[in-house]
Amino acid sequence: MAVLAALVAGCASPTHRAPVEDRGGRGTAPVAAADAAVKPPPGQENLGKPGYYAVKPGDTLIRIGLENGQNWRDIARWNNLENPDRIEVGQVVRVVPPAAETSAVVVRPVLPPGRTEARPVGAPASGASTAASSATPSTSAPSAVATPAPSSPPPAARDGDDDLNWTWPASGHVAAGFDELRSKGLAITGKAGDPVFAAADGRVVYAGSGLRGYGNLIIVKHNATFLSAYAHNQTLLVKEDQVVRRGQKIAEMGSSDADRVQLHFEIRRQGKPVDPAKLLPSR
């Protein structure tokens, strides 16, 4: 009887192992997972090169753009990302303009009346093109047009990029100052619905709530050097790619993703947070 039982058990064992076989593709899943694990993330050939960034856990293109002083849409375009929401940890992405774009003015800062934008490198100097002169009023400052230098691209920060006319983004009390370790900006108190103003002329590169910890957020790019960020708003009054002027109301103060009503305000120089109190006028 013992021998018979053993024979029966031996015959039954293959029946219990049958589900391991490939049924509808599930049997090959462990192999596919192993292949995916050894496949390197995209862009590894650029790892460690200047102008490239390795994606970390929790990163989004919005955060990468803020940390590197760029428009997230530009980063998506430079890297041919069909779906900007799908980036992998370890993926290496370009965070500076490619060479084809550095031959022209990439960032178009909003200049105050009476000044015009600097010409791209290699463009004719003032008076070289009578057609251009006749089409545009002669309101350029003398320093706005430089002698062409076609042999070298423009620097990351052009002359005058640091010369911004800043204003306070809100009228409330500063409850928390800048701290490199704990706070990347200023916490300005107020009441729900209080106006939030653009701190300088610029262009909106982000308006939304896709960056964790910032709530309803607006990011304004002022030139090739500076960004400013306005977080925890109740209402956003501007859209991406919209030009804004210094002192223009762009949002209403709120408490989105915060424990109280406040404006978290940052100024970033080439992506690095700097103390806004050192740039804003005294009051």
Side-chain angles (χ1 to χ4, degrees), residues 66-67 69 107-118 141-144 156-207 211 213-238 242-283:
L66 181 62
E67 296 289 343
V107 178
R108 296 184 177 181
V110 180
L111 300 176
R115 292 181 60 189
T116 57
E117 190 175 321
S143 60
R158 299 187 304 275
D159 290 342
D161 274 359
D162 288 345
D163 186 22
L164 284 174
N165 187 16
W166 297 98
T167 190
W168 282 84
S171 59
H173 171 70
V174 176
F178 176 82
D179 185 304
E180 291 186 1
L181 298 178
R182 292 175 296 180
S183 176
K184 298 178 180 179
L186 304 179
I188 304 175
T189 61
K191 302 186 301 296
D194 280 356
V196 174
F197 306 106
D201 292 349
R203 189 179 301 272
V204 178
V205 296
Y206 181 73
L211 191 56
Y214 284 80
N216 294 324
L217 171 68
I218 293 172
I219 301 175
V220 177
K221 190 172 182 68
H222 302 288
N223 50 35
T225 303
F226 285 104
L227 293 176
S228 59
Y230 312 75
H232 306 312
N233 299 290
Q234 171 181 279
T235 307
L236 304 183
L237 303 177
V238 292
Q242 180 175 336
V243 171
V244 295
R245 298 290 181 179
R246 174 183 181 272
Q248 177 181 337
K249 182 179 177 181
I250 59 175
E252 294 178 350
M253 195 179 296
S255 58
S256 57
D257 217 355
D259 56 4
R260 63 179 177 180
V261 175
Q262 62 176 305
L263 170 68
H264 173 76
F265 175 67
E266 295 182 10
I267 294 178
R268 291 183 178 243
R269 189 179 193 279
Q270 296 180 339
K272 181 180 179 181
V274 297
D275 187 355
K278 295 181 178 180
L279 298 174
L280 296 172
S282 59
R283 63 176 189 178

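- Annotation: salt bridge (Lys or Arg N to Asp or Glu O under 4.0 Å) contacts involving residues 247-264, sequence neighbours excluded, comprise K249-E252.
- Residue pairs meeting the side-chain hydrogen bond (donor to acceptor under 3.5 Å, both in side chains) criterion with at least one partner in residues 182-200, sequence neighbours excluded, are E67-K184, D179-R182.
- With a 4.5 Å cut-off on side-chain heavy atoms, V174 and R283 count as touching.
- One finds the CG atom of L164 at 5.0 Å from the CG atom of N223 (value rounded to the nearest 0.5 Å).
- A distance of 6.0 Å separates CG in L217 from CG in L211, rounded to the nearest 0.5 Å.
- In this structure, Y214 and Y206 have side chains that are not in contact, with every pair of non-hydrogen atoms separated by 4.5 Å or more.
- Remark: the backbone N or O of L263 is not paired with any side-chain donor or acceptor of H232 at under 3.5 angstrom.
- Nearest approach of I218 to A251, heavy atoms of both residues: CD1-CB, 3.9 Å.
- Residue W168 comes nearest to P281 through the heavy atom pair NE1-O, 2.6 Å, listed as atom of the first residue, atom of the second, then distance.
- When all heavy atoms of A198 and V244 are compared, the pair lying nearest together is CB-CG2, 4.0 Å.
- Looking at every heavy atom in both residues, A277 comes nearest to L186 through N-CD1, 4.3 Å.
- The two residues M253 and A170 make their nearest non-hydrogen contact at CE-CB, 3.8 Å.
- Counting only N and O atoms by type, the side chains of E266 and H264 include a donor and acceptor under 3.5 Å apart.
- Between atom CD1 of residue I250 and atom OG of residue S228 there is a gap of 6.5 Å, rounded to the nearest 0.5 Å.
- Counting all heavy atoms, side chain and backbone alike, F178 lies closest to P273 at CZ-O, 3.8 Å.
- Distance alone, capped at 3.5 Å, is enough to place a donor-acceptor pair between the S256 side chain and the N233 backbone.
- Side-chain contact check for V196 versus F265: every heavy-atom pair is 4.5 Å or farther apart.
- Rounded to the nearest 0.5 angstrom, F226 CZ and R268 CZ are separated by 13.0 Å.
- Judged by distance alone, with hydrogens and angles left aside, the side-chain atoms of R246 form a donor-acceptor pair with the main-chain N or O of N165 at under 3.5 Å.
- The CD atom of Q270 sits 10.5 Å away from the CG atom of L227 when rounded to the nearest 0.5 Å.
- Without hydrogens or angle criteria, Y230 side chain to A199 main chain gives a donor-acceptor distance under 3.5 Å.
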